[in-house]
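As structure tokens, the structure follows; a few thoughts come after it.
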Amino acid sequence: MHERTGRVGALVLAGLLLAGGAVGCAGKGKRPQDQAAPVSVTEAPTEETPVDEAAGEPSPSPSAVAAMGAAPSRSASASPTPSKKPTRTTAAPKPRAVAKPPTETQVPPAPPKPAPSSCKPSYKGTQASRADVKAALTDAASRTYWPGSAPELKIPLNLVKATAWQESGWQSNIYACDGGVGLMQVMPGTATWMNQRFEQSYDIADYRDNAYLGANYLAWLTKYIGDMYFESDFRLDADLCTAELDSCLLNAVISAYNYGHGAVAQEGEPLAIPNPSYVRNVRALMTECVCLGY
């Protein structure tokens, strides 16, 4: 899960919305905020995405901008839905100015070195069908990963589907040059850590277990960052986000899945979103991905 700069942001979004073609592997040199990167990003063939030359970031389409979760308008006749929890409102929780100490002290291993940009991924075994992949991702999203301390924590299905499409184009048998494996491009070291942390025996090479590993890691990030910055409000609702990327837990979790938890959340530091292109891509895929119709 190494940084993909503006090049990746521009490449991934539009093309992945068209089809899951061949996926390439790329990586840049050492990034300043690397702490842990448990998944690997792979590329897929794309259409052109307009790029802001000054910023070096892709300019999202109007639909993608709308998908970023600007504060929804409230109609005069609409009645607010009461919160199920008396201590929690439907208002967007603002992140703390500085993080609390993490409640999770066991963290994923440090990332490997980025692969050369010229490297191409390899494939092993048989590619799972779209129907089988859909079933695996749906099952993974439906699980409760923190039944004891955070049973209300849920991972949205469209987030799991979009992340898998961003990472691999739903290719279950792809192996990236930096070590990322399968649908969710999980690193072997991260899979080992997660199995130990949660006392599981997920097989990274099995597409169903790979889906569980990816969704479980999204859940771990939600708990980790939610405790540090969002007062343990674990909602991953797009409606809670504003135009500011650091405004909501959803964007922070997406960012950390790509860049590592340590680049996003540091005790005593403000929340950081070091990879806006990746976040915009996944957020747009959550509403526009062709995979949502499979």
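This chain uses plain numbering: 1 for the first residue, then up along the sequence.
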Those residues that, when tested against E104, pass salt bridge (Lys or Arg N to Asp or Glu O under 4.0 Å) (two or more places apart):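 Residues passing salt bridge (Lys or Arg N to Asp or Glu O under 4.0 Å) with E104: R197.
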
Set of salt bridge (Lys or Arg N to Asp or Glu O under 4.0 Å) partners for D237, sequence neighbours left out: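 D237 satisfies salt bridge (Lys or Arg N to Asp or Glu O under 4.0 Å) with no other residue.
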
Step-by-step side-chain contact (heavy atoms from CB on, under 4.5 Å) determination, T163 to V282: CA-CA 6 Å; T163 301; V282 175; 4.1 Å; yes

N/O donor-acceptor pair under 3.5 Å between [X] side chain and [Y] backbone:
| X | Y | answer |
| --- | --- | --- |
| D246 | A272 | no |
| N158 | M286 | yes |
| W193 | V107 | yes |
| T222 | L218 | yes |
| N210 | V181 | yes |
| D209 | I204 | no |
| S172 | A128 | yes |
| Q185 | G182 | yes |
| Q200 | Q196 | no |
| S247 | E244 | yes |

Over all atoms of both residues, closest heavy-atom pair of [X] and [Y]:
| X | Y | result |
| --- | --- | --- |
| Y145 | A140 | OH-O, 2.7 Å |
| K223 | S149 | CE-OG, 3.4 Å |
| P121 | A176 | CB-CA, 4.3 Å |
| A211 | A136 | CB-O, 3.8 Å |

So [Y] and [X], do their side chains get closer than 4.5 Å, heavy atoms only?
| X | Y | answer |
| --- | --- | --- |
| H261 | I225 | no |
| Q127 | I174 | no |
| L137 | M184 | yes |
| L250 | R283 | yes |
| N275 | I273 | yes |
| C291 | W170 | yes |
| Y175 | S122 | yes |
| I254 | L159 | yes |

For K134, side chain to side chain donor-acceptor pair (under 3.5 Å) partners two or more places apart: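 So K134 forms no side chain to side chain donor-acceptor pair (under 3.5 Å) with any residue.
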
Side chain to side chain donor-acceptor pair (under 3.5 Å) involving S129 - partner list, sequence neighbours excluded: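 S129: side chain to side chain donor-acceptor pair (under 3.5 Å) contacts with D132.
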
Six-ring centre of Y229, R96 cation under 6.0 angstrom, axis tolerance 45°: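 No, a cation-pi geometry is absent between R96 and Y229.
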
Is a donor from one side chain sitting under 3.5 angstrom from an acceptor on the other, for [X] and [Y]?
| X | Y | result |
| --- | --- | --- |
| S201 | N195 | no |
| Q171 | Y123 | yes |
| K154 | T144 | yes |

Test side-chain contact (heavy atoms from CB on, under 4.5 Å) applied to V98 and E269, step by step: CA-CA 5 Å; V98 295; E269 297 292 333; over 6 Å; no

W146 ring center within less than 6.0 Å of F198 ring center: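 F198 vs W146: aromatic centres under 6.0 Å.
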
Side-chain heavy atoms nearer than 4.5 Å, only ILVMFWY residues, links allowed to pass through others: does that put [X] and [Y] together?
| X | Y | answer |
| --- | --- | --- |
| L292 | I155 | no |
| L285 | V290 | yes |
| Y294 | V160 | yes |

Set of ring pair (Phe, Tyr, Trp, His ring centres under 6.0 Å) partners for F230, sequence neighbours left out: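 Applying ring pair (Phe, Tyr, Trp, His ring centres under 6.0 Å) to F230 gives none.
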
Ring pair (Phe, Tyr, Trp, His ring centres under 6.0 Å) partners for Y212, two or more places apart: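 If we apply the ring pair (Phe, Tyr, Trp, His ring centres under 6.0 Å) test to Y212, skipping adjacent residues, the hits are Y202.
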
Candidate pair M194 and W220, rule side-chain contact (heavy atoms from CB on, under 4.5 Å), full reasoning: CA-CA 9 Å; M194 195 170 298; W220 184 87; 5.6 Å; no

Stepwise side-chain contact (heavy atoms from CB on, under 4.5 Å) check, C289 with Q166: CA-CA 9 Å; C289 182; Q166 168 77 22; over 6 Å; no

Evaluation steps, salt bridge (Lys or Arg N to Asp or Glu O under 4.0 Å), between E152 and R235: CA-CA 9 Å; E152 75 277 16; R235 289 177 293 169; over 6 Å; no

